[in-house]
Structure formats: structure tokens, C-alpha cells
Enquirer: 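Could you have a look at this structure, given as C-alpha cells, before my questions?
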Amino acid sequence: MHSGRLIIFAAVLGTIGLTSCAPEAREASTSRFSRQSFGRTDTGEQVELYTLTNSKGVTAAITNYGGILVSLKVPDRAGQLADVVLGFDTLDGYLKGHPYFGAIIGRYGNRIAKARFTLNGVEYRLAPNEGENSLHGGIKGFDKAVWTAKEIDGGKALELSYLSKDGEEGFPGNLAVKVTYSLNDENELKIDYTATTDKDTVVNLTNHSYFNLAGQGEGDVLDHVVTINADRFTPVDSKLIPTGELRSVAGTPFDFRTPHRIGERINDRDEQLILGRGYDHNFVLNRTGEGLALAARVVEPKTGRVMEVLTTEPGMQFYTGNFLDSITGKGGKVYKQRYGFCLETQHFPDSPNKPEFPSVVLKPGQEYRSTTIYRFSVE
Ligand code: BGC
């Protein structure tokens with residue numbers, strides 16, 4: 001089912017796991033890879049903050065609590081670095097509850113209607129955590145798991161593993177998941193997801209970073225100029241569940257096939273924008289085959305920062321932080337409505353109940369594979 005045979009990148013990244021964690025080995029690669037304590041969870045588990053650094057000084061800091069991308073510092077057109085993702089300075093901020101800042105989402109990204117689905121004639125009941133629906137994996141999704149972390153690829157990448165047990169949040173099958181964050185010298189942050197199961201199950205993994213290319217906390221994102229490579233999107237009902245229709249974007253505020261400011265049409269009296277309180281929709285990406293394809297390009301005109309998103313996935317949730325409500329984040333910055341946007345690469349929401357959507361079923365013997373690249377540059 002899952003696309004993404006990564007011929008080009010497989011060669012670059014390989015799977016050179018460091019079997020020994022000798023301090024000397026870590027010393028030698030401190031310029032690329034570093035690790036520091038990030039505190040303890042409520043159950044006393046120690047978690048770390050890992051920082052990847054490339055030759056241009058770009059850094060990505062990731063914690064093994066929820067696989068959260070805590071900070072991402074990229075240059076503007078003057079070479080000035082700024083942190084372009086929302087989040088917290090300390091683990092505590094994340095433990096108190098938050099709208100999935102930077103987190104790995106699973107076992108199922110976005111919503112499953114009425115928190116249930118039927119697979120092979122068996123109905124599975126999930127833990128509802130948004131009214132009667134399941135959102136982003138349930139009450140304790142992958143965003144709240146403590147992952148096992150390993151430095152790989154000579155310090156250019158962090159591999160996170162997690163075993164989601166049979167029945168966790170109601171999902172069938174033991175699911176062994178790996179998520180690898182890699183940072184290369186071309187300012188590309190790549191996330192590879194793989195998973196295997198011992199029972200038929202459903203899987204849909206993503207990352208929930210909120211971006212502000214002007215710098216986190218620096219106002220709203222309405223001036224960002226967005227292009228999305230999608231002719232269609234999946235309209236939703238009042239509970240933000242797709243109706244099943246694949247609707248043309250032509251003539252609607254969802255047409256981002258040419259660049260538009262986020263703010264240009266966001267307050268239009270459009271039924272779908274009203275339901276989402278802004279953009280909160282899955283776009284059906286235009287693809288010509290398997291493999292990585294350009295999904296979106298975002299430009300922040302003041303700083304010149306550009307982010308491109310490439311993915312193997314068929315869909316992408318464009319969410320404009322409509323539900324952000326004065327959260328105090330990094331450096332005491334206050335995140336208000338629309339202070340960040342998410343581009344969550346994914347299979348379509350509620351696919352387990354929509355047989356007409358691309359399948360999210362994973363069977364024993366198959367491997368789930370998904371890759372997304374966030375590529376940074378300036379213009
Ligand atoms: C969903 C939004 C939700 C947000 C934070 C997005 O993926 O589509 O509706 O509010 O995540 O939970």
C-alpha cells in the first residue's frame with residue numbers, strides 16, 4: 001500500500017547503526033550530534049534532547065519524548081538563524097498538554113470517526129479523545145510515548161523506535177515503529193517512518209510541527225505565501241470528518257496551485273473555511289507515481305525563508321493553527337490563533353472507514369514506509 005521506495009536517499013542514509021556508544025565515539029561527532037538531559041516524565045522516565053547540526057550551522061533538536069521536534073534553526077536571506085517551529089523550552093511544557101507541537105503522530109494521524117472501524121469483519125473500538133472521535137492516535141498516542149533513541153549515520157541522524165502493543169488505544173497488533181530524523185548539508189530535514197505488525201492493523205504516521213518561518217512567536221503566519229500541489233481536497237463535516245468527496249479546488253479558497261498568502265482568503269465566507277475556522281483540510285496531492293514528490297512550497301517574504309515539503313504520502317493536512325489560544329511557549333513567546341501552520345503529510349483522515357480512500361491497512365509481512373523532507377532555502 002505505502003509508496004516510497006527511496007532509491008536516492010536510501011543510498012545516502014543507509015542504516016549504519018552505531019552498535020557501541022563509547023564516549024569517544026560521541027566526542028568525535030559532537031559537532032554533528034549532541035545529547036543532553038531533557039528531564040523526567042511523570043512516571044520518572046529519563047528523556048533526552050538530541051541535537052543534529054549540519055555544516056551550515058542549521059540545527060534540529062529532537063526529544064525522545066513523543067519524538068518531538070523541539071527546535072529547528074534555519075537561516076534567513078542575511079544568514080541569520082531563527083527557530084522556525086513552535087514548542088517549549090523544557091519537557092514540562094510538553095508534559096502539561098499541548099496541541100501536538102512538533103510531535104510524531106500515531107498510530108493514526110488525524111481523525112477516525114466515532115473512534116471505531118471494522119477490519120476483516122471485526123469492529124475495533126478506539127479511545128475517543130475528541131468528542132466521539134479519535135484524534136491523532138487517541139488519549140496516549142505516539143506523541144506521548146518515550147521512544148528508544150540511537151545515533152546513526154555518523155551523527156547525521158537520530159533513529160527512534162517504539163513498540164506499540166496489541167490493543168494500545170484500541171488498535172490491533174503489536175506495531176514496531178521506527179522514525180528517523182536526518183539533517184543533511186543541503187538544509188533538508190528528512191523524516192523516515194517504517195512499521196511492521198503481527199496482526200492486520202491500520203497505520204498513518206506524521207509529524208505535527210507548527211512552522212512560522214519568520215521565527216517562532218513572531219506574530220501570525222498570514223503573510224506566508226503558500227503553494228500546494230493539489231487539484232483536489234477532502235471537504236469535511238461539522239466534526240471535521242471527511243465526507244468522502246474529493247472536491248476540485250478550482251474556484252475555491254483551497255486553490256493553492258499558484259502562490260497565495262495564507263491570509264488572502266482565510267476569512268472568506270466559504271462553508272469549508274467556516275467549518276475549519278480557517279484551513280484545516282487534507283489536500284489530495286498530485287502525484288505521477290511512487291516516490292518523493294513536491295507537496296508544498298512556503299515563502300516568508302520579510303525574511304526570505306523558503307520551506308519546501310516533499311513526501312511519499314498521497315495527502316497533506318494544511319492546518320493554520322486555528323485552535324491555538326494564547327499558549328506561552330519558547331522564550332516566553334505567546335502563541336495566538338494562526339501563529340503557526342502545519343503541513344502534515346499523511347493518508348487521508350478517516351480512511352479506515354472510507355474504503356474509497358487509499359488503504360491504510362498494514363498486514364504481517366508487509367512494511368509500512370513513508371518519507372517526508374522539509375527543505376529550507378531563501379529567496
Ligand atoms: C487537526 C486539527 C487539530 C490540530 C491539533 C490538526 O492535525 O486537523 O483539527 O486541531 O491537529 O490537534
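FYI, the numbering just counts along the sequence from 1. Atoms within a ligand are numbered from 1 in the order they appear, just like the ligands themselves. Any value given below was found using the heavy atoms of this structure, including those in side chains, with hydrogens, waters and symmetry copies removed.
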Enquirer: Would you give the length of the straight line joining atom CD1 of Ile266 to atom CZ of Arg338, rounded to the nearest 0.5 angstrom?
Expert: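 Rounded to the nearest 0.5 Å, the CD1-CZ separation comes to 3.5 Å.
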Enquirer: Kindly tell me which protein residues have any non-hydrogen atom under 4.0 angstrom away from an atom of ligand 1, grouped by chain and ordered by number?
Expert: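 Only Tyr100, Asn110, Arg111, Leu135, His136, His208, Tyr210, Leu240, Asp280, Gln317, Tyr319, Phe323, Glu344 have heavy atoms that fall under 4.0 Å of ligand 1, ordered by chain and number.
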Enquirer: State plainly whether the residues Arg297 and Glu308 are in salt-bridge range, i.e. N to O under 4.0 Å.
Expert: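 Answer for the salt bridge query: yes.
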Enquirer: Show every donor-acceptor pair shorter than 3.5 Å between a side-chain atom in residues 93-103 and any protein atom, with sequence neighbours excluded, or say none if there are none.
Expert:
unit_1, atom_1, unit_2, atom_2, d
Tyr94, OH, Phe88, N, 3.0
His98, ND1, Tyr100, N, 3.4
His98, ND1, Phe101, N, 2.9

Enquirer: Hydrophobic clusters here meaning ILVMFWY residues chained together by side-chain heavy-atom distances under 4.5 Å, can you tell me if Ile191 and Tyr319 are in one?
Expert: no
Enquirer: Work out which heavy atom in Asn282 is nearest to a heavy atom in Gln317; give both atom names and the distance.
Expert: N-OE1, 3.4 Å
Enquirer: Search all heavy atoms of Trp147 against all heavy atoms of Ile104 and return the closest pair with its distance.
Expert: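 Heavy atoms of Trp147 and Ile104 come nearest at CZ2-CG2, 3.8 Å.
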